[in-house]
There are 2 protein chains.
Amino acid sequence: MTSHDNDAFKPIATVDLAIFSLSPAGLSVLLVRRANAPFSGGWALPGGWIHIDEDADLEAAARRVLKEKTGVETPYLEQLQSTGSRNRDPRGWSISIVYIALLSADDVAERQDALAGEAEWRPIEGEGVGLSLAFDHASLLKEAIGRIRSKVEYSSLPGHLLPVHFTLSELQSVYETLLGRKLDKSAFRKRMAEADFLEPVEGEMRRASNRPAQMFRLKDAQSLALFDRRI
Amino acid sequence: MTSHDNDAFKPIATVDLAIFSLSPAGLSVLLVRRANAPFSGGWALPGGWIHIDEDADLEAAARRVLKEKTGVETPYLEQLQSTGSRNRDPRGWSISIVYIALLSADDVAERQDALAGEAEWRPIEGEGVGLSLAFDHASLLKEAIGRIRSKVEYSSLPGHLLPVHFTLSELQSVYETLLGRKLDKSAFRKRMAEADFLEPVEGEMRRASNRPAQMFRLKDAQSLALFDRRI
DNA sequence: AGTCTTAGTGTAAATCTTCAACTAAGTTAG
DNA sequence: CTAACTTAGTTGAAGATTTACACTAAGACT
């Protein structure tokens with residue numbers, strides 16, 4: 001039939017991940033040092049070939065890479081976009097399907113030391129990490145950051161970066177960090193109540209030298225709640 | 001190195017398009033009849049292999065397919081999502097990068113008869129076309145319809161389905177068709193003014209047996225304007 | 001017991017929506 | 001020639017929502 005039935009005409013297919021978490025410096029992304037050519041020794045987003053014998057589908061491939069690099073199995077995971085071109089990989093026409101993963105602070109704390117090999121959390125500054133990245137990963141990361149910033153405006157996204165239990169003040173503070181602006185407390189609480197994605201953890205209170213605060217958890221740790229309006 | 005340098009381990013890579021336009025019956029999508037196995041004779045979204053010798057990148061591949069099927073070169077085009085799995089194509093592990101294209105009514109009118117081969121506009125009913133489609137195309141189409149319906153709420157999307165010149169009343173009517181509900185005239189006009197994606201065509205008026213209406217065009221026929229709030 | 005701090009609620013003023021009426025500008029019928 | 005008709009485009013009052021900020025609540029610390 002056509003020449004494209006021949007494997008030599010197939011593009012390379014990879015899955016790459018922008019894995020985010022909160023560090024003291026704010027939103028951070030996991031980068032790995034490449035062991036092999038091309039860009040050997042350079043920083044890149046974690047990723048890898050699709051293993052057609054092992055991965056049932058694209059999302060399974062993304063989860064496999066995530067588990068290999070972080071040990072985390074059930075994060076928030078969403079497909080961002082795909083890029084593909086003749087030039088992005090010197091080895092040939094290549095496609096990358098990019099996923100965004102959000103790790104809860106608990107996941108990060110547990111695996112602190114167990115980070116696979118040459119991996120490192122880098123804080124986001126502006127539209128990137130102030131580092132040049134392999135392939136077109138700087139551009140992919142920029143898109144991922146844009147998507148995250150955009151979704152903070154109208155979704156429960158920040159809830160996926162906190163520990164499993166948190167207070168409303170802590171949640172508001174994450175929204176403020178990611179948005180880069182202060183929010184009104186009563187308006188914030190009204191939105192959270194309307195969006196209906198939190199449930200109080202009965203009896204659990206955050207105690208300090210002040211009035212104790214009710215702790216909450218996400219009703220669903222895998223899905224995003226969308227607001228009717230911007231926050 | 002790894003076994004994946006061997007082409008036999010690469011997935012199949014295709015680009016598929018959900019091409020929409022407005023017909024008298026409302027939003028419609030272009031379907032083609034498959035000439036070859038698998039699903040020979042069945043309806044499918046237009047698409048095809050990525051030609052690594054010919055296509056510079058994914059979007060170029062999408063534009064090539066679009067031009068082959070419709071003759072249109074500069075539509076509104078946006079990437080929807082990618083699917084990929086072991087099962088979706090009987091020939092093997094396969095990836096599809098799906099694009100949404102919106103054709104202006106002018107484009108459709110010009111090419112009415114020149115539709116390539118066995119292609120046909122089918123009106124959208126509910127979440128599909130009331131027809132079973134090849135591969136997982138019914139599911140891809142459902143996602144595309146969902147994306148369109150969602151974007152009508154907060155973007156200039158409907159403007160890309162009209163002729164190049166149109167009145168505000170015509171635009172409002174498209175919003176109403178796609179949303180399935182009536183909108184308030186003054187609120188609608190206020191949103192359009194705020195979103196600032198239209199410009200009046202000086203001197204051009206729609207004339208009928210009533211007060212003439214100012215005609216407008218999109219400031220940018222390739223990009224979408226996003227509203228601050230829902231319409 | 002009083003002070004301090006953060007949690008959580010209440011409220012008045014400002015803004016935005018909704019609904020519907022009103023004016024504008026043409027064509028058509030008589 | 002003029003009145004009736006139709007759709008374009010604007011205006012405004014009533015109601016709903018948002019915003020800004022102050023207030024009350026509940027604990028720890030001195």
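All figures in this text were calculated on a predicted structure; none of them were measured in a lab.
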In this structure, how many angstroms lie between the [atom2] atom of [N] and the [atom1] atom of [X], rounded?
X	N	atom1	atom2	value
A/I231	D/dT17	CD1	C1'	16 Å
B/D228	D/dT18	CG	C1'	15 Å
A/R189	D/dT19	CZ	P	17 Å
A/E194	D/dT18	CD	C1'	11 Å

Any residue in residues 160-187 of chain A with a heavy atom nearer than 4.0 angstrom to DNA chain D? Just list them by number, or reply none.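 Those residues whose heavy atoms fall under 4.0 Å from DNA chain D, taken from residues 160-187 of chain A in numerical order, are A/D184, A/S186.
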For A/E199, I'd like to know if atom CD has over 12 heavy atoms of other residues, nucleotides or ligands within 6.0 Å.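 Enclosed.
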NZ/A/K182: more than 12 non-hydrogen atoms of other groups inside 6.0 Å: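 Not more than 12 within 6.0 Å, no.
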Partner residues of [X] under the side-chain contact (heavy atoms from CB on, under 4.5 Å) criterion, sequence neighbours left out:
X	answer
A/K67	A/E73
A/A60	A/D57
A/V201	A/H165, A/E204, A/R217
B/A62	B/V15, B/L17, B/L77, B/Y99

If you take any heavy atom closer than 4.0 Å to DNA chain C, which residues from residues 203-217 of chain B end up in contact?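 Within residues 203-217 of chain B, the residues near DNA chain C are B/R207, B/A208, B/S209, B/N210, B/R211, B/P212.
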With distance as the sole test, does B/R230 use its side chain to make a donor-acceptor pair with the main-chain N or O of B/Y154 at under 3.5 Å?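 Such a contact is absent between B/R230 side chain and B/Y154 backbone.
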If the test is side-chain contact (heavy atoms from CB on, under 4.5 Å), which one of B/L58, B/T14, B/D16, B/T83 qualifies with B/I97?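 By the side-chain contact (heavy atoms from CB on, under 4.5 Å) criterion, B/I97 pairs with just one of B/L58, B/T14, B/D16, B/T83: B/L58.
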Chain B footprint on DNA chain C, 5' to 3' - any atom under 4.0 Å from a heavy atom: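 The protein-touched segment is C/dT17 to C/dT28.
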Can you sort out the partners of A/Y76 under ring-ring contact (aromatic ring centres under 6.0 Å, His included), two or more places apart, ordered by chain and number?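 A/Y76 satisfies ring-ring contact (aromatic ring centres under 6.0 Å, His included) with A/H160 once adjacent residues are dropped.
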Which pairs, with at least one residue in [range] and sequence neighbours excluded, count as a ring-ring contact (aromatic ring centres under 6.0 Å, His included)?
range	result
residues 167-194 of chain A	A/Y175-A/F188
residues 201-231 of chain B	none
residues 120-142 of chain A	A/F39-A/F135, A/F135-A/H137

End-to-end axis angle, where each axis spans five pairs of the helix from C/dA1-D/dT30 to C/dG30-D/dC1, to 10°: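 End axes: 10° apart.
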Without hydrogens or angle criteria, can the side chains of A/S223 and A/D220 be said to hold a donor-acceptor pair below 3.5 Å?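 A donor-acceptor contact under 3.5 Å links the two side chains.
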Within the 4.0 Å heavy-atom criterion, would you say B/R191 contacts the bases, only the backbone, or no part of the nucleic acid?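 Sugar-phosphate contact only - B/R191 comes under 4.0 Å of backbone atoms but never of a base.
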